[in-house]
Amino acid sequence: MKSYLLLVLYALTFSSCVTSYYSGYYPELDIEGVERVAFDDLKLEPTHDLYDYRFNIIHQIGIEDNWRPIEAHHPLGMRLGNGLFFDLNRNLTLNLFSLLDLPSDRGVSLQVTESLVMPDVTTEHRISPYEYCYADESGPASEYCITYMRRTGGIEVQENNRHRYTIREESGGIELLLPNGFLTDRIAPMGDGMYTHRLKREIVDFVPIPNGVRAKDFYIVLTPDKKEIQIYRGKNKELLLRMLKTKDQLFIVAENGRGIRIQYSENQLSARGRNIDKVDIVWERDLFIN
């Protein structure tokens with residue numbers, strides 16, 4: 001039996017330059033008196049994100065790579081817990097599948113409506129453990145697909161039947177190889193829960209620290225009561241952002257009190273931030289893959 005999940009997403013860019021976090025474009029958030037709930041512990045887990053359904057918390061604008069030249073997202077990174085994903089281009093994001101506990105091991109059918117342009121543009125998406133396809137309103141002829149071939153040597157990623165790269169789990173880490181077998185990116189363990197991203201120099205890039213983790217030059221830590229995640233940068237540990245949540249809301253707040261509010265329920269998520277009124281995600285039914 002197959003049923004279908006409809007997910008409506010009004011696209012919102014949560015991007016910000018690393019030197020300016022949630023300026024006057026974002027609304028002020030009243031978090032006084034909010035009844036907070038605790039976050040889960042933070043962790044360092046090498047992983048990949050093939051679907052790229054992410055909200056940017058810190059977006060490294062201007063960085064380009066071979067896989068996502070516009071978004072500058074990298075498919076490899078660290079799962080930090082609580083829906084947080086830090087990729088190898090130093091983007092800190094919220095992974096929607098993790099945040100919403102969507103069934104990435106089965107499949108979903110979804111509709112994405114972008115309200116940043118006039119008129120709205122809608123694309124149809126199909127996601128399964130083996131394939132990700134989308135098509136715009138011009139019809140099936142414009143369909144674009146990324147296929148994930150599970151092979152003994154790893155996950156071979158093909159875009160419209162063209163082999164782009166292979167992701168391989170190796171010795172407790174994860175690697176990305178070009179079609180000719182050239183190793184281009186790697187996360188490798190260094191012992192004591194630490195990892196390196198460097199191919200030739202054994203420099204520590206990811207380190208567990210008290211109540212949190214260090215990812216490159218960012219420090220992501222839990223307060224002792226676990227009811228706030230704080231994000232710092234650099235040796236001087238400049239406080240950039242704070243995250244807190246209630247049973248049905250998540251707040252991402254800069255020092256100036258401006259930021260993003262995400263509200264969610266059993267089958268809907270909405271967000272407010274910047275000039276865009278909201279992002280709505282509504283899912284109706286699961287799509288089970290036989």
### Query
Below 4.5 Å, heavy atoms only, C-beta onward: do V207 and V213 meet side chain to side chain?
no

#### Entry: Gap separating the CD1 atom of I57 from the CG atom of L92, nearest 0.5 angstrom
4.5 Å

### Query
Does F39 offer a backbone N or O that forms a donor-acceptor pair with the side chain of N82 under 3.5 Å?
no

### Summary
So NZ of K43 and CG of D40: to nearest 0.5 Å the spacing works out to 8.5 Å

### Query
Taking it one step at a time, do E156 and R162 satisfy salt bridge (charged side-chain N to carboxylate O under 4.0 Å, His left out)?
CA-CA 10 Å; E156 183 178 297; R162 177 172 170 250; over 6 Å; no

### Message
Determine whether a donor-acceptor pair (N or O, by modelled atom type, separation under 3.5 Å) exists between the side chain of T47 and the backbone of M78.
### Response
no

### Distance in Å, R79 CZ paired with D87 CG, rounded so as to fall on 0.5 Å steps
13.5 Å

### Residue pairs fulfilling side chain to side chain donor-acceptor pair (under 3.5 Å) with at least one residue in residues 167-178, sequence neighbours excluded
R168-E175

### Task
Establish, from distance only, whether the side-chain atoms of R261 and Q249 form a donor-acceptor pair under 3.5 Å.
yes

### Message
Using only atom types and a distance under 3.5 Å, with no angle test, would you say the side chain of D225 pairs donor to acceptor with the backbone of K227?
### Response
yes

### Query
Looking at Y232, does the NZ or CZ of K237 lie under 6.0 angstrom from its six-membered ring centre and within 45 degrees of the ring axis?
no

### Query
Out of L241, L244, I262, which one pairs with F251 under the side-chain contact (heavy atoms from CB on, under 4.5 Å) rule?
L244

### Query
Are F86 and V221 connected in the hydrophobic side-chain network, where two residues link if heavy atoms are under 4.5 Å apart?
no

### Message
Could you tell me if the side chain of E45 sits less than 4.5 Å from the side chain of L80, heavy atoms only?
### Response
no

### Message
Under the criterion side chain to side chain contact (heavy atoms under 4.5 Å, CB included), I'd like the reasoning laid out for C145 against E159: C-alpha separation, chi angles, the key distance, then a yes or no.
### Response
CA-CA 6 Å; C145 291; E159 296 187 15; over 6 Å; no

### Query
For M194, does its backbone N or O pair with a side-chain atom of D192 as donor and acceptor, under 3.5 Å?
no

### Query
Counting only N and O atoms by type, is there a donor-acceptor contact under 3.5 Å from the side chain of T93 to the main-chain atoms of N95?
no

### Task
Go through the steps for R242 and E228 under the test salt bridge (charged side-chain N to carboxylate O under 4.0 Å, His left out), then give the verdict.
CA-CA 7 Å; R242 301 156 56 208; E228 185 169 302; 3.0 Å; yes

### Closest non-hydrogen atom pair between D41 and K226, with its separation
OD1-NZ, 2.7 Å

#### Entry: From CG (L88) to NE2 (H73), nearest 0.5 Å
12.5 Å

### Message
So, using side-chain contact (heavy atoms from CB on, under 4.5 Å) as the criterion, who are the partners of D30 when residues are at least two apart?
### Response
E32

### Query
Going by atom types alone, do N91 and H74 pair a side-chain donor with an acceptor below 3.5 Å?
no

#### Entry: Polar contact flag, side-chain donor to acceptor under 3.5 angstrom, H197-D185
yes

### Message
Side chains of L94 and L84, heavy atoms from C-beta outward: is any pair under 4.5 Å?
### Response
yes

### Rounded distance (nearest 0.5 Å) linking atom CG of D205 with atom CZ of R90
10.5 Å

### Query
Can you find a pair of side-chain heavy atoms, one from M190 and one from E202, that are under 4.5 Å apart?
yes

### Message
Return the CD1 to CE distance between I229 and M243, rounded to the nearest 0.5 Å.
### Response
5.0 Å

